[in-house]
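The chains referred to below are lettered A, B, ... by the order of the sequence lines, with proteins before strands, and numbering in each begins at 1. Computation of the quantities below employed the complete heavy-atom set of this structure, encompassing side-chain atoms and omitting hydrogens, waters and symmetry-equivalent molecules.
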Amino acid sequence: MFEVDHVTRTFGRRKSETAVQALDDVTLDIKSGDRLGIVGESGSGKTTLVRLLAGLDSPTAGEVRFQGARLDRRDPHTLARLRASVQMVFQDPRSSLDPRMKVGQIVTEPLRSRRLRQTGAIPTDPKTRLAEVLDQVGLPAAAAALYPHEFSGGQRQRIAIARALAPNPDILLADEPVSALDVSVRAQVLNLITDLVTTMHLTLVLVSHDLAVIRHLCDQVVVLQHGRIVEQGSADAVYSHPQAAYTKSLLAAVPRLPD
Amino acid sequence: MTALLAVDGLNVWFGRSRSHVLKSVTFAVQPGERVGLIGESGSGKSVTALALLGLLAENATTAGTVTYGGRNLLALPERELARLRGQELTMVFQEPMTALDPTMRVGRQVAEVIKLHDDASGKETRARVVERLGQVGLPDPAGLAEAFPHELSGGQRQRVILAMALMNRPRLVICDEPTTALDVTVQAQVLALLDHELTAAGAATLFISHDLAVVAQVCQRVMVMLDGEIVEQGPVGDVLSHPAHPYTQGLIATARLDRAVPGSHLPTVDDFYARASRPAAKVPAAVEMRGVAR
């Protein structure tokens with residue numbers, strides 16, 4: 001699906017003192033059906049990596065290939081193909097959903113894109129699709145006529161997931177999908193993502209600073225620190241037997257209930 | 001032992017429709033005690049905090065008493081209340097970016113807290129600001145005092161807030177989700193700093209969070225809030241091992257993500273406690289306003 005090949009992303013003027021290397025020589029393969037977790041703290045480069053996968057940004061050096069084709073932000077056809085099959089869920093549904101649009105418009109917006117429709121890969125009947133995805137994420141059909149502010153945080157994240165599902169994607173990129181939610185709501189959204197990934201055979205790329213969340217949803221994990229991969233392996237192994245000191249410190253920082 | 005703060009039958013209504021957001025909330029905080037207040041968004045945790053400090057929006061109606069130092073805070077004139085705030089009763093908000101003034105250098109904001117209650121000279125104040133920023137573990141405190149809030153990381157901003165909140169040796173610090181906007185690693189550091197600072201000042205805290213694991217780490221006692229009512233309270237260990245209310249049982253079950261089998265269906269609060277009819281997600285305006293510096 002994705003090949004990330006020696007990718008470096010530098011922000012700021014190159015070679016200047018203020019330049020920040022968000023990603024430093026990262027190489028990674030994502031295969032169909034993978035459930036990959038990317039973990040690291042703020043500034044480790046995890047969001048930059050996901051933005052590159054989503055075609056929202058271009059690498060400074062190296063390249064990202066999607067189904068064998070090099071991602072180039074100037075090539076609208078590859079991008080359209082990418083957007084028809086790769087969808088994203090962001091951290092905070094309060095800022096990722098347009099407050100002036102009704103839920104129905106928000107969810108079907110990707111289906112109205114001319115470029116996406118030209119790919120022939122997306123559902124053509126927005127009305128039917130809207131009803132389907134709202135049902136899949138557990139929202140009533142009446143939700144379509146309401147505005148995002150009329151919903152709770154967990155429900156808003158369901159709306160964001162419904163929108164991502166609308167074009168019938170193969171890959172779901174989720175950037176901290178539960179970290180803006182209450183712990184009590186977190187379980188519901190995690191259950192929803194688990195169910196959707198299983199029933200729709202989605203490839204999942206999940207970014208989180210919480211290894212417990214990653215272990216629950218993913219089978220593979222990549223640990224990023226200062227833009228470099230410091231550890232990777234099966235989610236369970238990294239969670240149970242972390243090798244890198246950084247991974248250990250991440251795990252130790254997660255607050256846990258005493259027994 | 002007399003309680004530091006005694007809240008008795010605190011009720012809050014909002015607006016003309018008088019929606020009832022706090023229902024006969026009663027609890028006490030002993031001197032130096034760390035009390036957690038847990039509940040989900042919209043349960044009334046932040047309204048409780050704002051009500052104690054007289055910071056509720058003007059469309060709020062309150063009833064009941066909040067006794068501190070022999071006086072009822074709810075009946076206190078704003079001028080006297082203002083004197084207590086920032087001195088004996090302080091608050092740490094969730095979002096440090098909104099709690100700090102974005103147009104003012106960090107050092108000046110800390111200096112304001114000193115000058116509010118102390119007639120120190122400019123030079124003296126500056127030295128104390130730099131010393132204080134160093135105490136809360138900020139690197140290069142002299143340089144940082146000259147920086148604007150947006151130049152700091154989230155964790156650094158929250159350190160500045162803690163520096164200000166615990167500067168004047170308060171008796172009670174109300175922390176409203178102080179680490180929710182932070183990463184786990186930074187959260188761990190800020191919680192350690194909070195623990196250190198509270199101990200150093202001998203201050204009590206009312207610690208508000210939706211995360212039971214964080215509350216268990218910080219507090220001795222915990223209160224569970226549901227739809228504006230405290231449905232359970234007790235020592236943290238007791239509540240965790242023998243939760244009486246089904247809602248509390250649900251909260252504890254959802255917080256045990258580390259014990260779940262990966263990919264399995266996680267327990268949710270609804271499995272334990274089904275609400276008859278959840279009020280539509282209408283959150284009163286005062287809750288949405290939390291974090292706004294006033």
Side-chain angles (χ1 to χ4, degrees), chain A residues 35 39-44 92 94 146 148-156 176 178-195 197-198 208-219 225 234-236 239-240 246 249-259, chain B residues 38-43 153-155 177 179-189 191-192 209-218 226 236-237 240-241 247 250-273 278-283 288:
Chain A
R35 285 178 292 162
V39 72
E41 59 193 325
S42 298
S44 61
D92 187 352
R94 254 170 310 191
L146 302 174
H149 75 262
E150 301 177 76
F151 295 88
S152 68
Q155 288 171 324
R156 273 183 251 186
E176 304 267 14
V178 293
S179 51
L181 304 176
D182 272 12
V183 173
S184 55
V185 182
R186 183 179 70 181
Q188 297 170 7
V189 174
L190 290 180
N191 282 341
L192 175 65
I193 297 178
T194 311
D195 291 348
V197 166
T198 318
S208 181
H209 62 256
D210 188 344
L211 258 169
V213 169
I214 295 221
R215 181 188 72 134
H216 193 76
L217 288 177
C218 303
D219 39 32
Q225 183 190 23
S234 92
D236 215 28
Y239 184 85
S240 319
Y246 179 68
S249 72
L250 272 182
L251 267 170
V254 177
R256 258 169 244 239
L257 278 186
D259 294 311
Chain B
I38 192 156
E40 62 196 83
S41 307
S43 59
S153 71
E177 308 257 10
T179 58
T180 304
L182 305 175
D183 257 17
V184 276
T185 39
V186 182
Q187 166 170 285
Q189 293 160 10
L191 287 178
S209 177
H210 68 265
D211 194 337
L212 200 51
V214 172
V215 167
Q217 205 176 316
V218 176
L226 172 67
V236 169
L240 286 182
S241 52
Y247 179 72
L251 279 185
I252 294 172
T254 56
R256 298 256 189 227
L257 182 61
D258 52 328
R259 298 244 188 106
V261 178
S264 64
H265 189 85
L266 299 170
T268 63
V269 173
D270 296 349
D271 297 342
F272 294 82
Y273 179 77
R278 254 192 106 119
K282 293 271 183 192
V283 182
E288 290 288 329

Task: Sidechain-backbone polar pair: D182(A) side chain, S41(B) backbone, donor-acceptor under 3.5 Å - done: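 Checked: pair present.
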- [ ] Determine yes or no for a side-chain-to-main-chain donor-acceptor pair under 3.5 angstrom, with R215(A) supplying the side chain and D258(B) the backbone.
- [x]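 Looks like yes, one N/O pair under 3.5 Å.
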Using 0.5 Å steps for rounding, measure from the [atom1] atom of [X] to the [atom2] atom of [Y].
X       : Y       : atom1 : atom2 : answer
S184(A) : F272(B) : OG    : CZ    : 12.5 Å
E41(A)  : L182(B) : CD    : CG    : 11.5 Å
H210(B) : L181(A) : NE2   : CG    : 8.5 Å
D183(B) : D210(A) : CG    : CG    : 10.0 Å
L257(A) : L212(B) : CG    : CG    : 5.0 Å

What part of [X] lies closer than 4.5 angstrom to a heavy atom of chain A: side chain, backbone, both or neither?
X       : answer
L191(B) : neither
L257(B) : both
L240(B) : side chain

Quick one: what part of [X] sits under 4.5 Å from any heavy atom of chain B, side chain, backbone, both or neither?
X       : value
V197(A) : neither
T194(A) : side chain
R35(A)  : neither
L211(A) : neither

Task: Considering all heavy atoms, the nearest N191(A)-T268(B) contact - done: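 Closest approach of N191(A) to T268(B): ND2-CG2, 3.8 Å.
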Open item on the list: For T185(B) versus A253(A), what's the shortest heavy-atom pair and its separation?
Closed with: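 For T185(B) and A253(A), the tightest heavy-atom pair comes out as CA-CB, 3.7 Å.
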Quick one: of [options], who has the most non-hydrogen atom pairs under 4.5 Å with chain A?
options                            : result
S264(B), P262(B), G250(B)          : P262(B)
Q187(B), Q217(B), Q189(B), R256(B) : R256(B)
S241(B), P267(B), G263(B), A216(B) : G263(B)
V261(B), L266(B), V186(B), D211(B) : L266(B)

Open item on the list: Heavy-atom pairs under 4.5 Å with chain B - which of A212(A), G153(A), G43(A) has more of them than the others?
Closed with: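 Looking at each option in turn, the highest pair count goes to A212(A).
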